[in-house]
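Working notes for the structure below.
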Amino acid sequence: MTEDWPLWEVFVRGRQGLSHKHVGSLHAPDAEMAVQNARDVYTRRREGESIWVVRSSDIVASDPNDKGSLFDPADAKVYRHPTFYIVPDEVEGL
Amino acid sequence: MKVTAIPPEHASDPQAPAFAAKLDAETKIEPKDWMPDGYRKTLIRQISQHAHSELVGMLPERNWLTRAPSLRRKLQLLAKIQDEAGHALYLYSAAETLGTSRAEMLDALHEGRAKYAHIFNYPALTWADIGIIGWLVDGAAIINQIMLCRCSYGPYARAMERICREESFHQRQGFEIMVSLSRGTAEQRRMAQDALYRWWWPALMMFGPHDGKSTNSAQSSAWKIKRQSNDELRQQFIDMTVPQADFLKLTVPDPELRWNEARGHYDFGPIDFDELMRVVAGDGPCNRERLGARVKAHDDGAWVREAAMAHAVKRQARAKAA
């Protein structure tokens, strides 16, 4: 029976000025090799210039079943958007 | 009976309607979402087979790395083979989000319990075969994969988008080889023609049995894993490829092949699906060789994988002690 190396999530910064974005995952024995493998697997065409790797087991995710209770309340808070407010037509700079 | 997104055994499951609603709304299903057991099982089978195909797909090409006719061709082929390894990795990762492990999938492949694309059990006899593999085999794969970009399972669809982007160069490098050979010496033209004779029919088989003879199609369509039928995809491939063969002045080995103005498609002769079944069942020209090479590579690499892990554990222990 084959055994797997630990799983890592890979984040790549496309170019300076952008944030790191999740691109996928891979297996590697340690962080150093995870970065090396991520370079070969996810940036063969200059897709990035910086890589983060995080052990998948260290990521804490919200439960999809909580999606409603977590995110739906924002639907009722339209006053958080500028379009909610009525501004007289003649006023500029708002 | 009509096949629906919710199989009978899940009919009273409270989560089932939300799953069906997502499919209707073209919302992707994500790893932690509820899904029918059959949906999960079908995807694990399909995605892992797809990954195995990318992995085994490197084998017919590797013999030609040291025999490529120029440095340019050698670099292209190296890059293509490296991409195939990458594509296998994206796909294995996508399958792992469904709860299977990399090790489980590889063991299934190595023990002959899992399938891979039958096409890689044919030999690459001449350099022209490398051209044909890029042009026809990657060309057929791309048609299938463009469809799969719209598959309902998010991680699979995302892997497909990336693979499609990368694979268009594979098809072009293959066609470029075919153009060079077809404009070359009489011997080179013969080589190109011979390769087309041998690969044309197996390439058409890549799309699977005719609609109606394909066992999983109806359910996969209801689940929006499969968005077009085998015969539709095959026709699309033929319509695309025949004019390219004409450009190369190569003969497609099908006496019944002709443009049908009324249909707006090429008509073509019967495909020998018995051959497909034989090769899938393990009796193709290279099945044993391919699987043998894969198992050997895996076994020969075992000590490297173990050593790398042992090294990582030791370093971690040292860092903790310090």
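Side chains included, hydrogens not; waters and symmetry mates left out as well; all remaining heavy atoms used. Residue numbers start from 1 in every chain, and the chains themselves are labelled A, B, ... in the order their sequence lines are given, proteins ahead of strands.
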Report task. Go through the steps for B/Y156 and B/T97 under the test side-chain hydrogen bond (donor to acceptor under 3.5 Å, both in side chains), then give the verdict. Result -> CA-CA 10 Å; B/Y156 194 22; B/T97 63; over 6 Å; no

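- Ring orientation note: the planes of A/H20 and A/W52 are close to parallel, at an angle under 30° on the 30°/60° scale.
- Residue A/E9 does not touch chain B at all, counting heavy-atom pairs closer than 4.5 Å.
- Heavy-atom distances place the side chain of B/H298, and not its backbone, under 4.5 Å from chain A.
- When each of A/K67, A/R45, A/E32 is scored by its heavy-atom pairs under 4.5 Å with chain B, the top score falls to A/R45.
- Looking at B/K80 and B/E61, a side-chain N of the basic residue comes within less than 4.0 Å of a carboxylate O on the acidic one, giving a salt bridge.
- When heavy atoms are compared at a cutoff of 4.5 Å, B/L106 does not approach chain A at all.
- Heavy atoms closer than 4.5 Å to chain A are found nowhere in B/E111, neither backbone nor side chain.
- Per-residue counts of heavy-atom pairs under 4.5 Å with chain A were compared for B/E306, B/R162, B/R158; the largest is that of B/R162.
- A/P64 touches chain B through its side chain: at least one heavy atom from C-beta onward sits under 4.5 Å away, while N, CA, C and O do not.
- Taking a cutoff of 4.0 Å between a charged side-chain nitrogen and a carboxylate oxygen, A/E49 and A/R13 do not qualify as a salt bridge.
- At a 4.5 Å heavy-atom cutoff, A/D63 makes no contact with chain B through either its backbone or its side chain.
- Only the side chain of B/R315 has a heavy atom closer than 4.5 Å to any heavy atom of chain A.
- For the residue pair A/R39/A/Q36, the side-chain donor-acceptor check at 3.5 Å is not satisfied.
- A/Y85 contributes a side-chain N or O that, together with a main-chain N or O of A/Y79, makes up a donor-acceptor pair within less than 3.5 Å.
- Heavy-atom pairs under 4.5 Å with chain A peak, among B/H110, B/R305, B/Q82, at B/R305.
- For chain B, the option among A/V41, A/L7, A/V23 with the highest count of heavy-atom pairs below 4.5 Å is A/V41.
- With ring centers used as reference points, B/Y90 lies under 6.0 Å from B/H87.
- The ring of B/F175 has its center no closer than 6.0 angstrom to the ring center of B/H170.
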